[in-house]
Amino acid sequence: MRIASYNINGINGRLGILIDWLDETQPDAVCLQELKCDDGKFPASALEKAGYAAIWQGQKSWNGVAILSRGREPVETQRGLAGEAEDGQSRYIEAAVNGVLIGCLYLPNGNPAPGPKFDYKLRWFERLRERGKALLASEAPVALVGDFNVMPTERDVYAPDRWRDDALFRPEVRKAFGEMIKDGWTDAVRNLHPDENIYTFWKYWRQSFERDAGLRIDHFLLSPTLLPRLTESGVDRHIRALEGTSDHAPVWIEIADAG
DNA sequence: ATGCCCGATCTCATCGGA
């Protein structure tokens, strides 16, 4: 079973790229972030023609997350995170797909830091952590998938010293990610490739992709009950090279069938 | 130290992204 994550940065503006990539790589489940469209403008019928059922949590202009499932309906288990009643930002949706519980998330960017946006990021991270604890306690096979907006280690940044004070790399945020690892989650891609420089995002500016000046910020956190089935991971870098593409590349993992 | 490049928006400029 292939599970992919893709921050598409505007789903309707890049629908052709998305459909072609689905046809090419045929992931079984896809977590999308930054839809940048409200619920009514989500391209459900085009995706259905491509063979994918979907659930989504849209929002006009910003944010927005979706889970696609190839050939079967995702069974929604939650949308949004508890703990902040006034939160109108669409950043979390969760569903069971083929026996795996998948939480699709788009963690807040948090810049500028310090400031209210950074505070919101840290609160959101804690709310995710709480949801994660409940999922771990269930002992279900779970993957928390998406754009975490954090580089967990120096290896995940092309130039760490330039990012020290950034909301994606500040100690508070890396610590929050580390707390989830302590809770029992495993960073799937890093687990398979401990010593490689792997990036999933490159700025549009200054020919970042051509220079491979990237960041690894799109992650898969696996529960201990799912981790033994992890076999492979990769980044579809050729998608980032296309004209009119997102600033993120799709990332994927392979999960073996349940024993 | 700042902007660069992008998408969305009732656009001709601003915000948010990371």
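Because only heavy atoms are used, hydrogens play no part in the values below, and waters and symmetry mates are left out as well, while side chains stay in. Throughout, protein chains are lettered first and strands after them, A, B, ... in sequence-line order, and every chain is numbered starting at 1.
- Look at the C1' atom in both B:dT11 and B:dG16: the space between them is 16 Å, to the nearest Å.
- Rounded to the nearest Å, the gap between the C1' atom of B:dG17 and that of B:dC4 is 14 Å.
- Chaining together hydrophobic side chains whose heavy atoms lie under 4.5 Å apart leaves A:Trp62 on its own.
- Residues passing the side chain to side chain donor-acceptor pair (under 3.5 Å) test with A:Ser223, sequence neighbours excluded: A:Thr225.
- A:Asp147 comes within 4.0 angstrom of the backbone, heavy atoms only, and of no base.
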Write out a two-atom table: protein N or O, nucleotide N or O from nucleotides 8-13 of chain B, distance below 3.5 Å.
none

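- One can find a donor-acceptor pair under 3.5 Å joining the base of B:dC5 and the side-chain atoms of A:Trp205.
- Protein atom CG of A:Asp247 is 17 Å distant from nucleotide atom P of B:dG16, rounded to whole Å.
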Which donor-acceptor pairs under 3.5 Å do side chains of residues 44-55 of chain A form with protein atoms, sequence neighbours excluded?
unit_1  : atom_1 : unit_2  : atom_2 : d
A:Tyr52 : OH     : A:Pro27 : O      : 2.7

Less than 3.5 Å apart, which donor and acceptor atoms pair up between the side chains of residues 249-259 of chain A and the rest of the protein, not counting sequence neighbours?
unit_1   : atom_1 : unit_2   : atom_2 : d
A:Trp252 : NE1    : A:Asp236 : OD1    : 3.1
A:Glu254 : OE2    : A:Arg2   : NE     : 2.8
A:Glu254 : OE2    : A:Arg2   : NH2    : 3.3

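- In this structure, A:Trp202 atom CH2 and B:dC5 atom C1' are separated by 16 Å, rounded to whole Å.
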Exercise answer: donor-acceptor pairs, residues 173-185 of chain A side-chain atoms, under 3.5 Å, sequence neighbours excluded:
unit_1   : atom_1 : unit_2   : atom_2 : d
A:Arg174 : NE     : A:Pro152 : O      : 3.4
A:Asp183 : OD1    : A:Arg129 : NH2    : 3.1
A:Asp183 : OD2    : A:Arg129 : NE     : 2.7

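- Spacing between atom CG of A:Asn111 and atom C1' of B:dC15 amounts to 14 Å, rounded to whole angstrom units.
- For residues 212-221 of chain A, proximity to DNA chain B is found at A:Leu215, A:Ile217, defined as any non-hydrogen atom under 4.0 angstrom from a strand atom.
- Residues that satisfy the salt bridge (Lys or Arg N to Asp or Glu O under 4.0 Å) test with A:Asp39, not counting sequence neighbours, are absent from this structure.
- Note on A:Phe148: nothing from the nucleic acid sits closer than 4.0 angstrom, heavy atoms only.
- Nearer the 5' end of DNA chain B, as judged by each residue's closest nucleotide, is the contact made by A:Gly244, out of A:Gly244 and A:Gly110.
- The separation of B:dC6 from B:dC10, taken at their P atoms, amounts to 23 Å, rounded to a whole angstrom.
- Atom-to-atom, CD of A:Gln89 to C1' of B:dC15 comes out at 13 Å; the value is rounded to the nearest Å.
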Name each donor-acceptor pair under 3.5 Å that joins a side chain in residues 136-144 of chain A to protein atoms two or more places apart or in another chain, with its distance.
unit_1   : atom_1 : unit_2   : atom_2 : d
A:Ser138 : OG     : A:Leu135 : O      : 2.6
A:Ser138 : OG     : A:Ala140 : N      : 3.2

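- When atom types are taken as modelled, the side chain of A:Arg14 and the backbone of A:Gly244 share a donor-acceptor pair closer than 3.5 angstrom.
- Side-chain atoms of A:Tyr204 and A:Asn9 include a donor-acceptor pair closer than 3.5 Å.
- Annotation: of the two residues near DNA chain B, A:Leu168 and A:Thr245, the 5′-most nearest-nucleotide partner is A:Thr245.
- Between the CG atom of A:Asn7 and the P atom of B:dC6 there is a distance of 16 Å, given to the nearest Å.
- The C1' atoms of B:dA8 and B:dC12 are separated by 14 Å, rounded to the nearest whole Å.
- Across the protein-nucleic acid pair, A:Phe201 atom CZ and B:dC5 atom P stand 14 Å apart, rounded to whole Å.
- The line from CD1 of A:Ile11 to CD of A:Glu34 is 12.0 Å long, rounded to the nearest 0.5 Å.
- Taking only side-chain nitrogens and oxygens, A:Arg14 comes nearer than 4.0 Å to OP1 or OP2 of B:dG7.
- Rounded to whole Å, the P atom of B:dT2 lies 26 Å from the corresponding atom of B:dG7.
- Rounded to an integer number of Å, the gap from NE2 of A:His248 to P of B:dG7 is 13 Å.
- Taking atom CD1 of residue A:Ile17 and atom P of nucleotide B:dC6, one finds them 12 Å apart after rounding to whole Å.
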